Visitor: 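One structure is given below, represented as structure tokens, and several questions about it will come after.
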Amino acid sequence: MNTVINIPGGGKWSGVISRGKTIKFTATEDGANLSLLLYSAADTAERYNMPDTLKAQHTSHLTKGNVLMSDNGRVLASIIDDSLGWHDTISGYISRRLVDERYGKTTYQEYRNDWHRSGEENFAVELFRNGMTVRDLVPVVNLFSKVYCTEDGNMHYVLEHAKKGDFIVLRTEMDVLVITSNTPNPLNPSTKYPTVPIKMEVTAAAPVGEDDHCLNYCPENRRAFVNTWDYTALTIGGMK
């Protein structure tokens, strides 16, 4: 079964996706950015942990072979394919204040669905819909964006990194609550509010084999997968 969801520019989406699925995100135009949060569907107190994910894999960005680890040392999702080679983990989501300052203040009452949404508000709404609050916000992954640091400690946003048709494919290793916000990267210097729709496709994934690239990316990844399999085997109806 193939489920297709279209996330418009400024839009948001959340939902539970079961273990053993692939989630393909595709940019339908140049200049995309999709902010992503992941939580364990069984216990939302377990969620994507940016420091552990980056430290364990000795990187500051994510691409094919990397996994998104939880704060319990388990794999929420792995990246099994990627056309870009770099997705931002360090610049966060855009706030209401920054949207107003950069793109001009808009309100729903005046602009209706064309008003400029922020990641801050989108995440607040979707967290509430799933029984959480803004206290449950954690660092996001900004799919399709490239941000790097120089030796002076400054962060730099790379313009024109993502092109129409670029994609990234996640494989769910646990039942996960996915929350997305299709809002600008906070470091994007453009003065025009980006509105690039994102296509999201969910399909069944092939089983993880012993030669799996994500499993063998580094020893820390294998340990995280084993932790995940052990946890799954102990849950009701779980099967390794």
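All values below come from the heavy atoms of this structure, side chains included, with hydrogens, waters and symmetry mates left out. Since we're looking at a predicted model, the values are computed, not measured.
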Visitor: Any side-chain heavy atom of Arg19 within less than 4.5 Å of one from Thr232?
Guide: yes
Visitor: Grab the two heavy atoms, one from Leu187 and one from Tyr157, that are nearest each other, plus how far apart they are.
Guide: O-CB, 3.5 Å
Visitor: Say you draw a straight line from CD1 of Ile90 to OG of Ser145; how long is it, rounded to the nearest 0.5 Å?
Guide: 11.0 Å
Visitor: Mind listing the closest non-hydrogen atom pair of Asp52 and Ser70 along with its distance?
Guide: OD2-O, 4.4 Å
Visitor: Quick one: closest heavy-atom pair of Thr107 and Trp115, and the distance?
Guide: O-CB, 3.6 Å
Visitor: Only one of Ser190, Ser35, Ser91 passes side-chain hydrogen bond (donor to acceptor under 3.5 Å, both in side chains) with Asn185; say which it is.
Guide: Ser91
Visitor: Enter the distance from Leu215:CG to Asn221:CG here, rounded to the nearest 0.5 Å.
Guide: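 Answer for the CG-CG pair, Leu215 versus Asn221, is 8.0 Å.
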Visitor: Report yes if some heavy atom in the side chain of Ile179 is under 4.5 Å from a heavy atom in the side chain of Tyr39; otherwise report no.
Guide: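 SC-SC contact between Ile179 and Tyr39 confirmed.
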Visitor: Taking the six-membered ring for Trp, are Tyr217 and His213 parallel (under 30°), tilted (30 to 60°) or perpendicular (over 60°)?
Guide: perpendicular
Visitor: Does Arg74 count as lying over the ring of Tyr231, i.e. NZ or CZ under 6.0 Å from the six-ring centre, within 45 degrees of the axis?
Guide: yes
Visitor: I'd like to know if the side chain of Asp166 reaches the main chain of Lys163, judged simply by a donor and an acceptor atom lying under 3.5 Å from each other, with no hydrogens or angles considered.
Guide: yes
Visitor: Kindly compute the distance separating CD (Gln57) from OG1 (Thr89), expressed to the nearest 0.5 Å.
Guide: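 Result: 10.5 Å between the selected atoms.
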Visitor: Can you tell me which residue among Asp100, Ile94, Leu98 is in a side chain to side chain contact (heavy atoms under 4.5 Å, CB included) with Arg96?
Guide: Asp100
Visitor: Could you tell me if the side chain of Ile23 sits less than 4.5 Å from the side chain of Met200, heavy atoms only?
Guide: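 Yes, at least one pair of side-chain atoms sits under 4.5 Å.
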Visitor: Which heavy atom of Pro197 sits nearest a heavy atom of Thr28, and at what distance?
Guide: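 Reported closest heavy-atom pair: O-OG1, 2.7 Å.
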Visitor: Hydrophobic clustering (ILVMFWY, side-chain heavy atoms < 4.5 Å, transitive) - are Val75 and Val169 grouped together?
Guide: no
Visitor: Name the residue from Asn142, Asn66, Asp82 that meets the side-chain hydrogen bond (donor to acceptor under 3.5 Å, both in side chains) definition with His87.
Guide: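 Output: one option passes, namely Asp82.
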Visitor: What are the two closest non-hydrogen atoms of Thr172 and Ser18, and how far apart are they?
Guide: OG1-O, 2.7 Å
Visitor: Look at the rings of Trp86 and His61 and say which category their plane angle falls in: under 30° parallel, 30 to 60° tilted, over 60° perpendicular.
Guide: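 Rings of Trp86 and His61: parallel, as their planes differ by under 30°.
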Visitor: Could you tell me whether a side-chain N or O of Arg102 sits under 3.5 Å from a main-chain N or O of Lys192, the two making a donor and an acceptor?
Guide: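 The answer is no, because no donor-acceptor pair under 3.5 Å joins these two groups.
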Visitor: Between the side chain of Asn216 and the main-chain N/O of Glu210, is any donor-acceptor distance below 3.5 Å?
Guide: yes
Visitor: Does the distance from a Lys or Arg side-chain N to an Asp or Glu carboxylate O, for Asp88 and Lys146, drop under 4.0 Å?
Guide: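 No, no charged N to carboxylate O under 4.0 Å.
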Visitor: Check this for me: Glu160, atom CD, are more than 12 non-hydrogen atoms of other residues, nucleotides or ligands nearer than 6.0 Å?
Guide: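 Open.
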Visitor: Using modelled atom types only, decide if a donor and an acceptor are shared between the side chain of Thr22 and the backbone of Leu170 within a distance under 3.5 Å.
Guide: no
Visitor: For Arg97, look at atom CZ and say whether over 12 heavy atoms of other residues, nucleotides or ligands are found less than 6.0 Å away.
Guide: no
Visitor: Is Phe25 reachable from Val141 through a run of I, L, V, M, F, W or Y residues, each pair having side-chain heavy atoms under 4.5 Å apart?
Guide: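 Linked, Val141 and Phe25 end up in one cluster.
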Visitor: Mind checking whether Phe123 and Tyr93 have ring centres under 6.0 Å apart?
Guide: yes
Visitor: How long is the straight-line distance from CG of Leu159 back to CG of Asn188, given to the nearest 0.5 Å?
Guide: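 The CG atom of Asn188 sits 6.5 Å away from the CG atom of Leu159.
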Visitor: Ion pair present between Glu121 and Arg117, side-chain N to carboxylate O less than 4.0 angstrom?
Guide: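 Between Arg117 and Glu121 there is no salt bridge, as every charged N stays at least 4.0 Å from the carboxylate O atoms.
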Visitor: Keeping Ser40 on the side-chain end and Arg47 on the backbone end, is there a donor-acceptor pair under 3.5 Å?
Guide: no
Visitor: Could you check if a side-chain atom of Asp30 sits within less than 4.5 angstrom of a side-chain atom of Val196, using non-hydrogen atoms only?
Guide: no
Visitor: Is it possible for you to check whether Arg112 lies under 6.0 Å from the centre of the six-membered ring of Tyr108, through NZ or CZ, and within 45° of that ring's axis?
Guide: yes
Visitor: Are the side chain of Asn122 and the backbone N or O of Asn182 linked by a donor-acceptor pair below 3.5 Å?
Guide: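 No; judged by distance alone, with no hydrogens or angles, the pair does not exist.
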Visitor: For a 4.5 angstrom cut-off between non-hydrogen side-chain atoms, does Leu37 reach Val138?
Guide: yes
Visitor: Parallel, tilted or perpendicular, judged at 30° and 60°: which one describes the rings of His156 and Tyr148?
Guide: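 Parallel.
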Visitor: For the residue pair Leu68 and Tyr48, what are the closest heavy atoms and their distance?
Guide: CB-CD1, 3.9 Å
Visitor: With heavy-atom distances below 4.5 Å as the criterion, would you say the side chains of Tyr193 and Pro184 are in contact?
Guide: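 Sidechains of Pro184 and Tyr193: in contact.
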Visitor: Given the rule that I, L, V, M, F, W and Y join up when any side-chain heavy atoms are under 4.5 Å apart, are Ile168 and Ile80 in one cluster?
Guide: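 No, it is not one cluster - the side chains of Ile168 and Ile80 are not joined through contacts under 4.5 Å.
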Visitor: Are the charged groups of Glu173 and Arg171 less than 4.0 angstrom apart, N to O?
Guide: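 Yes.
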Visitor: Inspect the surroundings of NZ in Lys199 and state if more than 12 heavy atoms from other residues, nucleotides or ligands are less than 6.0 Å away.
Guide: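 No - once you tally the heavy atoms of other residues, nucleotides and ligands closer than 6.0 Å, there are 12 at most.
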Visitor: Quick check: does any side chain N or O of Thr180 sit under 3.5 Å from a backbone N or O of Trp13, one acting as donor and the other as acceptor?
Guide: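 It does hold such a pair.
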Visitor: Quick one: does Asp212's side chain have a donor or acceptor within less than 3.5 Å of a partner on Gly209's backbone?
Guide: no
Visitor: Any side-chain heavy-atom pair from Ile17 and Asp175 closer than 4.5 angstrom?
Guide: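 SC-SC contact between Ile17 and Asp175 ruled out.
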Visitor: Counting C-beta onward and ignoring hydrogens, is there a side-chain heavy-atom pair between Ile79 and Leu62 closer than 4.5 Å?
Guide: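 Side-chain contact under 4.5 Å: yes.
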Visitor: Measure the CZ-CZ distance between Phe144 and Phe167 for me, rounded to the nearest 0.5 Å.
Guide: 9.5 Å
Visitor: Assess whether a salt bridge exists between Lys12 and Glu126, defined as any Lys/Arg side-chain N lying under 4.0 Å from an Asp/Glu carboxylate O.
Guide: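 So Lys12 pairs with Glu126 through a salt bridge.
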Visitor: To the nearest 0.5 Å, how far apart are CD in Glu46 and CG in Leu76?
Guide: 6.0 Å
